[in-house]
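Data block below; observations after.
Within every chain, numbering begins at 1; the chains are lettered A, B, ... in the order of the sequence lines, protein sequences first and strands thereafter.
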Number of protein chains: 2
Amino acid sequence: MTLEEDLIQKLGTLNISFEREDHDAAKDMVAMQQVLQHREGVKAKNFLSHDKKKNQTVLLMLRAETDMNLVHKALGRLKGWKDLRRAETELVKKLGLEKGALTPFAVMNDADNKVPLYVEDSLKAQDKIWIHPFRNTASLCLSMADIQRFAEEHGHNVNFFNPEPPAAPTADGVAANGGGGGGKKAATSAAAAPGQESTLGMTATKDGNYPEWFQQVCRGAELIEYTDVSGCYVIRARATYVWKRVQRFFTDLIEEKGVVEELYPMFVSSAALHKEAHHLEGFAPEVAWLGSTGPEPFDPEKPDGKGKPLKECIALRPTSETIMYPQWAKWVRSHRDLPIKINQWCNVVRWEFKQPTPFIRTREFYWQEGHTAHATDKEAEDWMWMILDFYRRVYEELLAVPVVPGVKSEGEKFPGGKITSTVEAYMPNGRAVQAATSHHLGDNFSKIYEIVFDAADGVTRSFVHQTSWGLTTRSVGVAVMVHSDDKGLVLPPKVAMGQVVLIPIPYQSKSGENPAEAAKRNEEIRDKCERLAAELKRADYFEGDSNKYWKIRAYADTRQDKTPGWKYNEWELKGVPVRIELGPKDYDKQEVVLVRRDTGEKIKGVKWTDLTARVPALLREIQDNLFVQAKKKLDDAIVKVTKWEEVTPALNQRKIVLAPWCQEEETEDEIKKRTTEEAAQTLANEQATQPAAAAAAAAGEGEEEYAAPALTGAAKPLCILTDDDPRRPPLTEDTKCFLTGKAARCWALFGRSY
Amino acid sequence: MTLEEDLIQKLGTLNISFEREDHDAAKDMVAMQQVLQHREGVKAKNFLSHDKKKNQTVLLMLRAETDMNLVHKALGRLKGWKDLRRAETELVKKLGLEKGALTPFAVMNDADNKVPLYVEDSLKAQDKIWIHPFRNTASLCLSMADIQRFAEEHGHNVNFFNPEPPAAPTADGVAANGGGGGGKKAATSAAAAPGQESTLGMTATKDGNYPEWFQQVCRGAELIEYTDVSGCYVIRARATYVWKRVQRFFTDLIEEKGVVEELYPMFVSSAALHKEAHHLEGFAPEVAWLGSTGPEPFDPEKPDGKGKPLKECIALRPTSETIMYPQWAKWVRSHRDLPIKINQWCNVVRWEFKQPTPFIRTREFYWQEGHTAHATDKEAEDWMWMILDFYRRVYEELLAVPVVPGVKSEGEKFPGGKITSTVEAYMPNGRAVQAATSHHLGDNFSKIYEIVFDAADGVTRSFVHQTSWGLTTRSVGVAVMVHSDDKGLVLPPKVAMGQVVLIPIPYQSKSGENPAEAAKRNEEIRDKCERLAAELKRADYFEGDSNKYWKIRAYADTRQDKTPGWKYNEWELKGVPVRIELGPKDYDKQEVVLVRRDTGEKIKGVKWTDLTARVPALLREIQDNLFVQAKKKLDDAIVKVTKWEEVTPALNQRKIVLAPWCQEEETEDEIKKRTTEEAAQTLANEQATQPAAAAAAAAGEGEEEYAAPALTGAAKPLCILTDDDPRRPPLTEDTKCFLTGKAARCWALFGRSY
């Protein structure tokens, strides 16, 4: 059987129909255009390119007119393949191809998916595309959807990309980088901004261009939408669902401990805000102030205009210590009024001018802020640790993200607090992220706001001891960054809005068969999908750690205008943990195929009757696997270091370092300064050897690495490990600080951080 | 047995201990001070006062130095008893008393509670108060808590009040009326502002001084705390709980209909906000604008100061149509993208300058705003009605508040919308309140924001048809207003944070008894309370309408520093639906006494083993009864009217009127104008006959009635009854408009509204 015969048979099995034209040999695109000039449809140009340094080959399907230089540059930008050239004949032959007869059908000869298929964005919606059946004396015409299905059936994802170069950045860096344009302009860019991704389909890779990849996940999976107010995003349903689950999980934990919910105003008077000077310092430049009221803002140039200036000075809360504690001073009289344990879920505003990143750094964000007041310092400190462990559980048990608990250094702690404890997470780009913090405030605030109580002896009057603790929507971004992959969103089943999607694979009638018969069979298959979905939705599902029963969030995608392949792509992009496929053969055997989003593994021959037992078990397996994988990455990322010289090389490897430290406060600035300088030096060295990559990294303004081997910017202390942390090496009299060589007082993690 | 002997025996039964002093007859306070000068403690002055017009007698316990005139004025102000005078001898005798020997113990002779007991605020915390045992030749000394317990055992609440006149209003009306002072000043006023209430204990009555009463409920029950930003309140735990239950109830309803949750920024650019001019008109004067960022607000006088003016014009959302719809325009392409059904729970800001009222009118409030887009107008209208019915269910099934559904008039509808449907509730002060609204927006917004879709035919392009619908924290205030009484908060069990409180009644040892024995018994009683509470908490409780099982929210109040009477007061004030009392005798019989908060009814002899069955049933009974009572009040409040002349007399009776109406838009202003004028006339007439009351009403600035028979201000159309409303009288060709005499097009409700 020739490759072509094999191909035709495979198309038949998949019920893919096509038109066919036999013609003279078309040695190049000009010839192909000619021989097919009487036929409607796009005549595609197919290419094989190779990056020697990365040892990466890629199969391309493009429009005839597309400039190959642009294509190579675009893939360099998106994937980090900077040295793409047209592949040599030897490689072409490996795929069973001949020069002049390259075709995307070659995926059938690449079972291991070593050569990914990249398709120009603008072909995505095409119904008629002409390609060769392994020889240049014939062409087949079929739809992109069918090409895609063919590729998928042979284990290949279709990667769509836009070869246009990115738009030049505007003068106003903030809005251009993060805010998106307003109205229709943003709409265009959301659909398929040049040089960026298209909404459906990932083009950037996690290893190649991390920031671009993260934006593609956020928008492709519809987690985020950009607005015309810079640094502010819409948190869409799939992401809001994660946040609601975080809310529920954490609320259950704190309710059990007697915490009640209250709602404090988001407005704070200047007087209250300024009362704790040291505290305010931490937020001062980012405080947003109300200015005026009325149909238009007050304009000092037109004092008689429609807007009226506010007489009072009122700010939007950056956090609520200064709003809550003046109230508490009214309520606390006696030791019997203690402890106070209050939480609120709300939005806060910090008008940052650094580059915004969805979830991770935004001007308005959502959080819970818990506040307590206790009679003793010890009770407050114990409470801080208890909450920190709750945060660890939110991350590890719910979001499947491993974290390192510890204590912040003097330079990094909460302004106005006594001890700041933190859980730190590790992002795949090598940056750490402060995932949540729990503060022991001591009596610093109660002295200022005069929260005083009479002790049980009726004589002593004391200031209360307080804690405050916060967990933000950043947690959603952290989970997305840690788990997602080059196909799009991956979410732990516990927080996935949809956990299971059922996809019918239609039976396509053979020639001579009664089409009504086929339609009937397909209706049966679709109907069965709906009924299996309904059955799963009714089933109870024990979620493990959370110790609760839930209903499985299952649904059937029975749309008839989309191919199965299109749906696979869509739901993989959107992070549905389990896909269930039901084709005609499975239908006859009363079986389905389960496909795991996390590993791609296919589980065939699962009986319908076993589904309500098998699916919950699989969801738990996926949840556990995601945690195990992430834990392994975190463990691998922590490098023990004892000398300063080892620090920058480790950071360049996207690691975080664990080092013995003298903990002297002035060393914190020194560490930032030195790592910044050494990063700049690394960049300069790269520039000499790899100019393109280095330039890209430099353009990132030190905020985000950009396909560069070295991360830029300063490293800082992330957290001091607790004494009982198993990661902590022994601390003896001989343990010396990695920086100063003085006696070390602790082991601490250092790294670049969001 | 003399009254005195009876008294001593009763004190014994209640285990109330006291000191005793026999002395010469003390005919007046001067004499009493003298005969008791060697004894520590307050020598109380007791009085009987009577208001002939209202036929109301009141028993008073005061400090010797308190001015009776002030006392009479205070009660006039708080209760509407404007003609209090010292009671005549005949009345004194009715209570079994003699002049010169008045005593609060007289409550034992007033089983019907015809003569309420009022006690000066400053006596509340007193441990030692001397009062006569029905003769003036002896005095007993006991604590206020015990006097209170004695009164309660005889069916009397103790009404604490502060006889000081209220502080003069400040020049800045808004802050003085609603905002509260800042910091410590507010703290004082929260504790016991002169002339107002004290935090623990209600003094104003619902019928007497409604606004004052509502504030007392809000603060006494710890629903609300005032802040130093005018018009902004802390929503405390007990109120937040109600709101969380509203959220849960409504979320369950809309989730079922496929609505998803998203989170949109609270910031809106001036450009987006101004795009729909007609829509903005409705909110324009109340829009709050950001002005600057930094440690301090920007001051145009000091352009080089710390605050930096914002370059962009950014407002805080008054509602989110203008934030959401530009996004939707990006997402909607085809009929397959419809319907969109999105909801968010968030805070919004409307910088009103009218007098704020907790929950009812505040500058920042919380709500849900739901938004949908549909392919057809009919689908949108159907959706609007479905949501309106959900709102009805939130009020009626959850909050036990009956509402009238209907349609807003042209003058009252949502700016920019097509139809506004509403549920209207009736407040006990005669004002209606718009309880929630659901809008059919037609394609008004989609035309402006260009939300367009391709129809299934692939040719037609149409604008989507939209709805928006909102329910706010106002709902909490409505429930509180409707159900609460002169003892404080009453809440339907479904939304009560605490549903059941168990209170141990300690056994007090007789003289000669071993105190250790008594202590042991009391420990057993307390322990049993704890264990019964734990048992109730574990029990499942079917909530009726919501079709869900819940756990009973029970707890035991085993504090030993408070008397049972003090606890009864506290939990009545705080609206716990069921009180369970466990005294020594009940303990021996393995029984408890249940007391209903809604009716005060005592259910004796309930076996411990029956509790987990009896309590859920009782909670359902209370829920149902509250609705039935409120429904009766609403029905009574609606008066059918066919001629204009009947309107103002009905409004003066705190009614709302149901009238046939021609629906011509210009009549709306006419109705407002006429009712305002006629209310002013009523007031003028009152002034001639009842100057004090009228002055008080006038001082209310037309915003709130103040112990006055007439409500001030304009009446307006509340809603047009739907055709299928059973309240709607027939509408024939002969039905004429109550105002113009033209043919009526509908029956509508008119009234004064919040």
Side-chain angles (χ1 to χ4, degrees), chain A residues 182-184 186-187 190 225 227-229 232-237 240-241 243-244 260-272 280 284-298 300 307 310 312-315 323 326-327 329-330 336 342 346-347 351 364 366 559 561, chain B residues 182-184 186-187 190 225 227-229 232-237 240-241 243-244 260-272 280 284-298 300 307 310 312-315 323 326-327 329-330 336 342 346-347 351 364 366 450 561:
Chain A
K184 285 294 169 188
E225 182 61 86
T227 74
D228 66 346
V229 178
C232 293
Y233 304 89
V234 180
I235 301 187
R236 298 204 57 194
T240 304
Y241 188 87
W243 182 236
K244 297 270 167 191
V260 294
E261 299 288 328
E262 298 199 334
L263 292 162
Y264 288 74
M266 74 165 149
F267 298 117
V268 51
S269 70
S270 176
L280 179 63
E286 298 157 11
V287 173
W289 296 88
L290 285 190
S292 53
T293 60
E296 282 163 22
F298 173 71
L310 268 190
E312 306 130 288
C313 295
I314 296 173
I323 299 171
Q327 307 298 334
K330 303 180 200 170
R336 291 188 203 93
I342 287 170
C346 63
N347 54 351
W351 208 262
E364 181 192 13
Y366 305 88
R559 288 174 294 176
D561 61 315
Chain B
K184 285 292 166 187
E225 182 62 84
T227 74
D228 66 346
V229 178
C232 293
Y233 305 90
V234 180
I235 302 188
R236 299 205 55 194
T240 304
Y241 188 87
W243 181 236
K244 297 270 164 189
V260 294
E261 300 289 327
E262 297 199 333
L263 292 162
Y264 289 73
M266 73 164 151
F267 298 117
V268 52
S269 70
S270 176
L280 180 63
E286 298 157 11
V287 173
W289 297 88
L290 285 191
S292 53
T293 58
E296 280 162 23
F298 173 70
L310 267 189
E312 308 130 286
C313 296
I314 296 173
I323 299 172
Q327 308 297 335
K330 304 180 200 170
R336 291 188 204 93
I342 286 170
C346 62
N347 53 350
W351 209 262
E364 180 192 12
Y366 304 88
E450 296 175 58
D561 61 315

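Heavy-atom distances place the side chain of B/Gln327, and not its backbone, under 4.5 Å from chain A. For chain A, the nearby parts of B/Leu290 are the backbone and the side chain; heavy atoms of each come within less than 4.5 Å. For a residue to count as touching a neighbouring chain, one of its non-hydrogen atoms must lie under 4.5 Å from one of that chain's; by this rule B/Leu310 touches chain A with the side chain only. Proximity to chain A is limited to the side chain of B/Tyr366, based on heavy atoms less than 4.5 angstrom apart. Both the backbone and the side chain of A/Pro297 come within contact range of chain B, each with at least one heavy atom under 4.5 Å from a heavy atom of that chain. Contacts of A/Arg559 with chain B are absent, with no heavy-atom separation under 4.5 Å from either backbone or side chain.
Of all the heavy atoms in A/Glu364 and B/Phe267, the pair that sits closest is CB-CE1, 4.1 Å. For the pair B/Asp228 and A/Ser269, the tightest heavy-atom approach, listed with the atom from each and the gap, is OD2-OG, 2.7 Å.
Atom CD of B/Glu262 sits about 9.5 Å away from atom CD of A/Glu225, to the nearest 0.5 Å. Note: B/Glu296 CD to A/Trp289 CH2 = 7.0 Å, rounded to the nearest 0.5 Å. For the atom pair CZ of B/Arg236 and OH of A/Tyr264, the computed distance is 6.0 Å after rounding to the nearest 0.5 Å. Between the OG1 atom in B/Thr227 and the CD1 atom in A/Ile323 there is a gap of 8.5 Å [rounded to 0.5 Å]. Note that the SG atom of A/Cys232 and the CD1 atom of B/Ile314 stand 7.0 Å from one another [nearest 0.5 Å].
Between chain A and the residues B/Asp561, B/Thr293, B/Val260, B/Leu263, the largest count of heavy-atom pairs under 4.5 Å involves B/Leu263. Chain B forms the most heavy-atom pairs under 4.5 Å with one residue out of A/Glu312, A/Lys244, A/Glu261, and that residue is A/Glu261. With chain A as the partner, the residue from B/Pro285, B/Gly307, B/Pro300, B/Ser292 showing the most heavy-atom pairs under 4.5 Å is B/Ser292. Ranked by heavy-atom pairs under 4.5 Å with chain A, the list B/Pro295, B/Ala288, B/Gly291 is led by B/Pro295.
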